[in-house]
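Note: hydrogens, waters and symmetry copies are ignored here, and every other heavy atom, side chains too, is used.
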Amino acid sequence: MDESIFTQYIQKRKQIIKNRNILQTTYIPEQLPHRNTQIDRIASIIAMALNGDRPSNIMVYGMTGTGKTAVLNYIGKELKKIDPEEQKCSYVYVNCEVVDTAYGILYNIVSQIMIDSQIPFTGWSFEKLYSELIIQLDKLDKVFIVVLDEIDHMVSKKGDMIFYYLVKINENLQNSKVSLVGISNNMKFGELLEPKAKSRLGEENLIFPPYTKEELEDILTERAKEALFDDVLDSSVIPYCAILAAKVNGDARVALNLLKTAADIAERNGESIVTDAEVKSAKNSIEFNVVSEGLKTLSQQSKIILMSIIKNVERGNAVMTTGEVYIMYKSISELLGTSALTQRRVTDLISELDMMGFINASIKSLGRAGRTKEIELSIAKDIVAVFKNDPIFKPLESNKVPTQTKLI
DNA sequence: TGTCCACTGGAAGGGAGGGCTT
DNA sequence: AAGCCCTCCCTTCCAGTGGACA
């Protein structure tokens with residue numbers, strides 16, 4: 001083989017990671033360590049679908065990275081093993097964070113069960129789509145296990161009437177049956193529902209506890225065995241990843257991501273083994289990427305609001321009120337030539353930035369000086385620097401942001 | 001004890017942009 | 001072409017609020 005600029009990288013790679021796919025959080029392994037209790041429980045409920053009966057609806061609770069989605073997808077895979085032609089039972093998975101409207105959820109279910117669905121992704125009335133769903137479900141004459149992941153995303157948006165419709169769908173079906181599995185990160189999800197929908201959706205309830213440090217170690221060890229070459233991990237790497245992830249609510253995704261990124265870094269640097277140093281770098285690099293990627297996806301208006309907060313901080317105003325942010329926001333909007341939103345809308349966007357973790361905002365009463373939000377920036381300096389390079393802020397470089405502090 | 005500030009956050013509704021139906 | 005529906009983003013309106021101050 002001739003020498004090429006790529007030769008060195010090809011030779012350096014191949015040394016640590018055997019199969020990168022196995023370290024992905026979406027990968028479903030043959031065994032899910034420490035989730036047998038949950039798997040058995042769900043399987044015992046769902047099993048009756050294979051006899052043509054309707055299993056109880058199930059609500060699954062647990063924090064992120066506790067294996068809820070993995071367990072349900074594992075069960076879907078196992079169902080397919082025993083009923084490959086899906087003659088008795090079909091598994092339908094919908095992520096409510098991705099598909100976050102009532103119409104969208106129905107549309108998603110219909111398009112999974114129909115081979116060539118002609119239904120438009122918008123345009124029909126909800127009722128019409130619901131009737132069509134019933135017709136299509138009934139035609140197939142079997143039991144459908146419909147998994148609604150991240151179901152808590154639907155409650156706050158006025159879309160929770162979807163649950164009312166889905167929960168009573170069996171009343172409209174002659175041949176088929178539908179069993180629902182809701183997955184929620186939020187333990188209080190049930191309380192937010194109407195009592196009627198709550199009791200019918202949670203005929204069975206299941207809680208996934210966070211993984212302990214030891215359990216995370218087992219999970220990582222299992223995956224590493226398959227995904228990595230032998231003897232490429234320093235003995236402290238897996239415990240270290242496990243400890244870091246255990247601090248984040250025992251999140252297995254965090255643990256896997258750390259291991260994968262650390263292995264990547266070691267490979268890139270041409271190391272023959274992964275050590276704690278790579279895990280440390282992995283931790284920093286993940287944090288940096290998550291935040292800066294998140295910032296990129298903000299709408300233009302949210303970016304301007306965040307910029308207003310940054311400008312306030314740069315002026316030495318580390319803790320500011322909504323009013324102060326709004327004044328700055330108006331000046332920046334003017335300089336950028338974009339039309340400014342109302343303060344009402346801006347308060348909503350500030351709350352969103354807070355929820356996404358880019359800022360910290362808490363309501364504070366200043367007595368006679370009124371009641372407002374106290375806002376602080378909570379992203380690291382190096383990320384702020386990257387954010388400020390966004391092309392939409394180009395005009396700010398040549399213009400000075402005014403120092404006006406009162407609304408006129 | 002009542003007042004009053006600077007908002008907060010709910011409700012209702014407008015309108016643009018996606019689409020279907022007749 | 002006209003009449004609908006759905007979602008998203010936004011505005012307008014307004015009642016509600018915690019606590020310093022008179």
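The side chain to side chain donor-acceptor pair (under 3.5 Å) search around K68(A) returns N185(A), not counting sequence neighbours. With sequence neighbours excluded, the residues satisfying ring pair (Phe, Tyr, Trp, His ring centres under 6.0 Å) with Y329(A) are Y326(A). Take Y103(A) and apply the ring pair (Phe, Tyr, Trp, His ring centres under 6.0 Å) test, not counting sequence neighbours, and it matches no residue. Take E204(A) and apply the salt bridge (charged side-chain N to carboxylate O under 4.0 Å, His left out) test, not counting sequence neighbours, and it matches R41(A). Every residue two or more places apart in sequence or in another chain that forms a side chain to side chain donor-acceptor pair (under 3.5 Å) with K303(A) is listed here: D390(A). By the side chain to side chain donor-acceptor pair (under 3.5 Å) test, E293(A) is found to be paired with K296(A), residues two or more places apart in sequence or in another chain being considered. Checked against side chain to side chain contact (heavy atoms under 4.5 Å, CB included), S125(A) has the following partners two or more places apart in sequence or in another chain: E127(A), K128(A).
Distance from the side chain of T372(A) is smallest to dT8(B) among dC6(C), dT8(B), dC10(C). Considering only side-chain atoms of R345(A), the nucleotide from dC8(C), dC7(B), dC10(C) that sits closest is dC10(C). Side-chain atoms of R344(A) lie closest to dG9(B) of the nucleotides dC9(C), dT8(B), dG9(B).
Atom C1' of nucleotide dC6(C) and atom OH of Y130(A) are separated by 19 Å, given to the nearest angstrom. At whole-Å resolution of the value, CD in E132(A) and P in dC5(C) are 19 Å apart. E127(A) has its CD atom 10 Å from the P atom of dC5(C), to the nearest Å. Summarising the geometry, the separation between CG on L341(A) and P on dC8(C) is reported as 18 Å, rounded to the nearest angstrom. Here dC7(B) presents its P atom at 12 Å from OH of Y326(A), a figure rounded to the nearest Å. Per the geometry, CD belonging to Q343(A) stands 16 Å off P belonging to dC10(C), to the nearest Å. For K364(A) and dG9(B), the NZ to C1' distance is 20 Å, given to the nearest whole Å.
Under 4.0 angstrom from either OP1 or OP2 of dC10(C) there lies no side-chain N or O belonging to T342(A).
Annotation: K168(A), atom NZ; neighbour count of heavy atoms from other residues, nucleotides and ligands within 6.0 Å is above 12.
In the helix from dT1(B)-dA22(C) to dT22(B)-dA1(C), the terminal helix axes, each the rotation mapping four pairs' C1' atoms onto the next four within five end pairs, subtend 30°, rounded to 10°.
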request  = Test side-chain contact (heavy atoms from CB on, under 4.5 Å) on K260(A) and T25(A) and set out the steps.
outcome  = CA-CA 10 Å; K260(A) 177 169 146 288; T25(A) 50; over 6 Å; no

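For DNA chain B, the residues of residues 346-359 of chain A within the heavy-atom distance limit of 4.0 Å (strictly under) are T347(A), sorted by number.
Taking 4.0 Å as the cut-off between side-chain N and carboxylate O, K280(A) and D276(A) do not count as a salt-bridged pair.
Defined by atom type and a distance below 3.5 Å, a donor-acceptor pair is missing between the side-chain atoms of N73(A) and Y93(A).
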query = In B/S/- notation, 5' to 3', how is nucleotides 16-22 of chain B contacted by protein heavy atoms closer than 4.0 Å?
reply = --BBSS-

inquiry  = Treating primed atoms plus P, OP1 and OP2 as sugar-phosphate and everything else as base, which nucleotides of nucleotides 15-20 of chain C get B, S or - for protein heavy atoms under 4.0 Å?
reply    = --BBBB

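Using a 4.0 Å heavy-atom distance criterion, T321(A) is classed as a sugar-phosphate-only contact.
The heavy-atom pair separating S176(A) from L137(A) by the smallest distance is OG-O, 2.5 Å.
Residue pairs meeting the ring pair (Phe, Tyr, Trp, His ring centres under 6.0 Å) criterion with at least one partner in residues 373-396 of chain A, sequence neighbours excluded, are F387(A)-F393(A).
Taking the centre of each ring, F126(A) and Y165(A) come in below the 6.0 Å mark.
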